[in-house]
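Structure, as structure tokens:
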Amino acid sequence: MARWRKQIRNWLKVALSQGVVLVCLIAAARGSILPDTSPMTLVAAQAIGATLMGLLLGLPRFWIPLQILLPLGLVYGDAAPAWLYLAGFAAIALLFWNAPSEQVPLYLSNRATCEALGSLVEETGAKTFIDLGCGTGSVMAALKRKHPALAVAGVETAPLVFAVAWLRLLPLRGSSGASVAYRSLWKEDLGRYDIVYCFLSPAPMARLYAKARAEMRPGAVFVSNSFAVPDITPERMIEIGDGRQSRLYVYRPGEKNNSS
């Protein structure tokens with residue numbers, strides 16, 4: 001219920017920001033304040049103004065594309081078949097369904113990250129691994145192919161990427177220990193895994209680490225891609241060496257003497 005309330009609040013912020021800017025533009029146009037009242041100029045001003053106002057209202061940045069595309073779609077809606085806009089909206093919803101409520105966009109782990117995680121599996125002797133917010137399942141598939149004995153699991157709540165992950169793991173189902181579930185990471189028991197991996201955003205890290213401390217056993221490893229846990233010193237950092245200068249923050253939250 002809380003998730004739906006947050007979604008509704010965000011949609012109200014979109015409507016408010018679009019409406020206020022539209023009223024201001026109409027008033028400016030009628031008062032001859034605007035030097036250029038061509039449709040494209042008005043649409044651009046509406047998109048930019050609504051975006052800025054939405055941010056001032058605290059609208060998450062994940063909604064910026066909607067703020068920009070909404071006036072374009074309304075004014076130039078006849079430039080393409082109606083079904084194309086509907087299909088585009090459906091695809092965006094299925095891809096980013098959980099982004100507004102969880103404040104977690106879709107980040108995909110690259111090959112260099114998978115190789116670093118594979119080395120960590122070898123170093124720790126891990127038998128079980130989970131990817132929280134597994135996206136398209138690329139990490140699980142790569143680790144399973146490199147380490148067939150490793151039991152890999154993932155959870156995801158964006159419908160379309162979950163479907164991709166499920167299909168990607170399908171050829172690996174013949175071997176034991178390869179699964180992906182349509183489930184919130186908050187409902188997953190982290191105590192079952194030797195390595196818990198995530199590539200989320202800064203927003204949930206403090207809460208997720210608290211969950212990891214409560215559930216993970218001593219010696220188990222918690223790895224966050226790119227986003228450190230606030231106020232917690234990692235055991236170490238692994239530089240990926242890729243184009244975006246990614247790093248893995250490695251923690252052992254099951255060790256109760258960790259500073260906080």
Side-chain angles (χ1 to χ4, degrees), residues 95-96 98-99 102 104-185 188 190 192-205 208-209 211-212 216 219-229 234-254:
L95 278 170
F96 302 105
N98 56 351
E102 297 289 351
V104 176
L106 177 61
Y107 290 124
L108 300 178
S109 301
N110 55 29
R111 183 177 300 177
T113 299
C114 294
E115 291 175 356
L117 289 170
S119 298
L120 192 60
V121 168
E122 294 175 357
E123 176 187 324
T124 61
K127 303 300 181 183
T128 53
F129 173 97
I130 187 168
D131 187 347
L132 302 178
C134 64
T136 60
S138 58
V139 170
M140 294 183 294
L143 290 180
K144 190 64 178 176
R145 291 190 179 97
K146 187 174 182 180
H147 304 279
L150 179 70
V152 297
V155 292
E156 178 59 61
T157 55
L160 188 55
V161 289
F162 165 76
V164 173
W166 189 88
L167 291 172
R168 172 173 267 167
L169 286 182
L170 196 58
L172 303 175
R173 298 289 171 82
S175 57
S176 61
S179 64
V180 58
Y182 187 75
R183 180 166 58 244
S184 169
L185 61 88
E188 186 68 23
L190 304 183
R192 300 187 293 149
Y193 304 101
D194 298 323
I195 297 180
V196 174
Y197 169 72
C198 64
F199 190 6
L200 302 173
S201 79
M205 293 310 302
L208 182 57
Y209 189 78
K211 175 179 170 63
M216 292 180 68
V221 177
F222 178 83
V223 183
S224 175
N225 188 337
S226 300
F227 305 110
V229 177
E235 180 182 83
R236 62 172 164 146
M237 293 180 292
I238 301 174
E239 300 290 344
I240 299 300
D242 56 0
R244 59 192 182 200
Q245 299 182 332
S246 303
R247 61 176 53 171
L248 300 181
Y249 295 89
V250 181
Y251 305 86
R252 293 187 187 266

| said: How long is the straight-line distance from CZ of F222 back to NZ of K211, given to the nearest 0.5 Å? | reply: 10.5 Å
| query | So, for H147 and G118, which heavy atoms are closest and what is the spacing to 0.1 Å? | reply | NE2-O, 3.3 Å
| Set of residues satisfying side chain to side chain donor-acceptor pair (under 3.5 Å) with respect to E115, sequence neighbours excluded | none
| field | With sequence neighbours excluded, residues passing side chain to side chain donor-acceptor pair (under 3.5 Å) with Q245 | value | none
| message | Could you work out, with side-chain contact (heavy atoms from CB on, under 4.5 Å) as the rule, every residue matching T128, not counting sequence neighbours? | response | A151, Y193, D194, R217
| request: Report the distance from atom CG of L185 to atom CG of L190, rounding to the nearest 0.5 Å. | output: 8.0 Å
| request: Determine the sole option in I195, T113, I238 for which the side chain to side chain contact (heavy atoms under 4.5 Å, CB included) test with V223 is passed. | output: I195
| OG on S138 to CZ on R111, rounded to 0.5 Å | 11.0 Å
| Who passes side chain to side chain donor-acceptor pair (under 3.5 Å) against S246, sequence neighbours left out? | D242, R244
| note | salt bridge (Lys or Arg N to Asp or Glu O under 4.0 Å) filter on R192, not counting sequence neighbours, yields E188
| said: My understanding is that only residues two or more places apart in sequence, or in another chain, count here; which of them pass salt bridge (Lys or Arg N to Asp or Glu O under 4.0 Å) with R247? | reply: E239
| query | Going from CZ on F129 to CE on M140, what distance comes out if it is rounded to the nearest 0.5 angstrom? | reply | 8.5 Å
| Listed by chain and number, what are the side chain to side chain donor-acceptor pair (under 3.5 Å) partners of Y197, not counting sequence neighbours? | S109, N225
| said: If we ignore hydrogens and angles and just use 3.5 Å, is the side chain of R168 paired with the main-chain N or O of T136 as donor and acceptor? | reply: yes
| said: Going by side-chain contact (heavy atoms from CB on, under 4.5 Å), name the residues that satisfy it together with A228, two or more places apart in sequence or in a different chain. | reply: Y249, Y251
| What heavy-atom pair brings L248 and A116 nearest, and what distance separates the two atoms? | CD1-CB, 4.0 Å
| Partners meeting salt bridge (Lys or Arg N to Asp or Glu O under 4.0 Å) with E122 (sequence neighbours left out) | none
